[in-house]
Participant: 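Pasting a structure below so you can have a look.
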Amino acid sequence: MSVTDPEPPAPGVRADAAQEALHDRIAADSLTTRRDYLRIVATVSGGLAVGGIGVASGILHRHGDSEGVPPLRKVADRIEPGESLAFRYPGDEDRAIAVRMEDGTLAGYSAVCTHLACAVLWRKDRGSEGELYCPCHEGVFDARTGEVTAGPPPRGLPKVILVEQPDGSVWAVGTARSGETLQEGYCRERGAGGPLCARLEGGGAPEAPGRSERSERT
Ligand code: FES
């Protein structure tokens with residue numbers, strides 16, 4: 001699948017209503033400990049606005065630096081193994097990318113390079129299982145962790161916390177900064193009482209029966 005923006009909500013379905021419904025399901029899952037409701041998969045999102053100098057100096061907004069609680073946002077109806085998807089999160093200007101690896105692992109990151117803010121791309125043909133690649137100065141990031149594996153980027157990519165629903169739809173529910181675990185990011189943004197806060201302990205997430213997704217551990 002080519003890299004495209006997510007499809008808009010289905011006709012007649014209000015985005016806020018969908019988000020509210022998802023939130024209710026997450027809360028219900030937490031209360032009843034029905035852990036097969038959701039698969040939490042790793043992802044990354046960050047969000048730089050513009051320009052490497054501003055990024056480096058901390059003047060500009062970066063992924064993981066969003067103020068307030070980020071929205072619950074549907075990213076895709078489904079992401080198949082080997083596919084990637086470009087989307088915006090947490091803000092409408094924050095470029096992010098979701099990747100489904102061949103073994104089912106789903107990960108998401110900011111698509112803004114931590115070096116000088118070029119766009120990070122998914123290159124399935126690079127490395128043993130694909131890489132996140134910045135063509136500006138040959139920066140390379142590990143697709144499973146977001147950490148720098150080559151080139152000048154000074155730090156790993158911020159993450160986007162993704163949740164996969166039983167119907168295969170993928171939702172972004174939060175972000176984690178470079179060097180921060182998914183749990184640290186989620187609990188910072190939503191507080192210790194957030195419905196997924198405890199479940200993200202250790203960086204992992206429950207897997208749905210019959211699937212081989214491996215939760216990203218950070
Ligand atoms: Fe990405 Fe320089 S901007 S490696």
Side-chain angles (χ1 to χ4, degrees), residues 1-6 41-67 70 73 75-76 79 81-103 105-162 170 172-182 184-186 188-189 203 216-218:
M1 183 176 75
S2 61
V3 175
T4 60
D5 282 322
V41 288
T43 111
V44 178
S45 164
L48 280 216
V50 221
I53 295 176
V55 171
S57 64
I59 295 171
L60 299 179
H61 172 68
R62 296 182 299 187
H63 271 199
D65 286 348
S66 58
E67 305 225 345
R73 181 173 300 161
V75 171
I79 301 176
E83 291 182 343
S84 67
L85 179 78
F87 61 105
R88 304 285 174 139
Y89 190 85
D92 292 339
E93 302 301 319
D94 298 328
R95 290 172 285 154
I97 186 168
V99 175
R100 171 85 76 186
M101 305 187 76
E102 292 293 350
D103 70 352
T105 299
L106 181 64
Y109 302 92
S110 164
V112 180
C113 183
T114 57
H115 182 217
L116 294 175
C118 285
V120 173
L121 309 173
W122 169 241
R123 287 287 302 269
K124 187 179 176 182
D125 58 319
R126 291 178 60 97
S128 60
E129 55 180 4
E131 293 175 338
L132 292 160
Y133 173 70
C134 178
C136 288
H137 310 97
E138 301 285 321
V140 182
F141 303 87
D142 187 300
R144 295 187 181 276
T145 66
E147 294 304 312
V148 181
T149 59
R155 59 185 176 278
L157 294 169
K159 303 176 183 72
V160 173
I161 304 166
L162 299 183
V170 177
V173 301
T175 66
R177 297 167 177 156
S178 300
E180 200 174 43
T181 66
L182 297 178
E184 289 168 343
Y186 180 88
R188 170 179 50 77
E189 291 175 336
E216 178 190 75
R217 295 183 181 278
T218 56

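Indexing begins at 1, ligand by ligand and atom by atom, following the structure's order.
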Participant: State whether the side chain of Arg73 and the backbone N or O of Arg88 hold a donor-acceptor pair below 3.5 Å, judged by distance alone.
Facilitator: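 Side chain of Arg73 to backbone of Arg88: a pair is present.
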Participant: Mind checking whether Trp122 and Ile97 have side chains closer than 4.5 Å, heavy atoms only?
Facilitator: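 Yes, close enough: below the 4.5 Å cut-off.
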Participant: Near atom 1 (Fe) of ligand 1, which protein N/O/S atoms fall under 2.8 Å?
Facilitator: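 N, O, S partners closer than 2.8 Å: Cys113 SG, Cys134 SG.
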Participant: Please find the pair of heavy atoms, one from Leu132 and one from Val120, that lie closest to each other, and give the distance.
Facilitator: CB-CG1, 3.8 Å
Participant: Lys124 pairs by salt bridge (Lys or Arg N to Asp or Glu O under 4.0 Å) with which of Glu129, Glu131, Glu102?
Facilitator: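 Filter result, single survivor: Glu102.
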Participant: Minimum heavy-atom separation for Gly185 to Glu180, with atom names?
Facilitator: CA-OE1, 3.4 Å
Participant: For Tyr133, does the six-membered ring have the charged nitrogen or CZ of Arg126 within the cation-pi criterion, i.e. under 6.0 angstrom from the centroid and within 45° of the normal?
Facilitator: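 Pair Arg126/Tyr133 counts as cation-pi.
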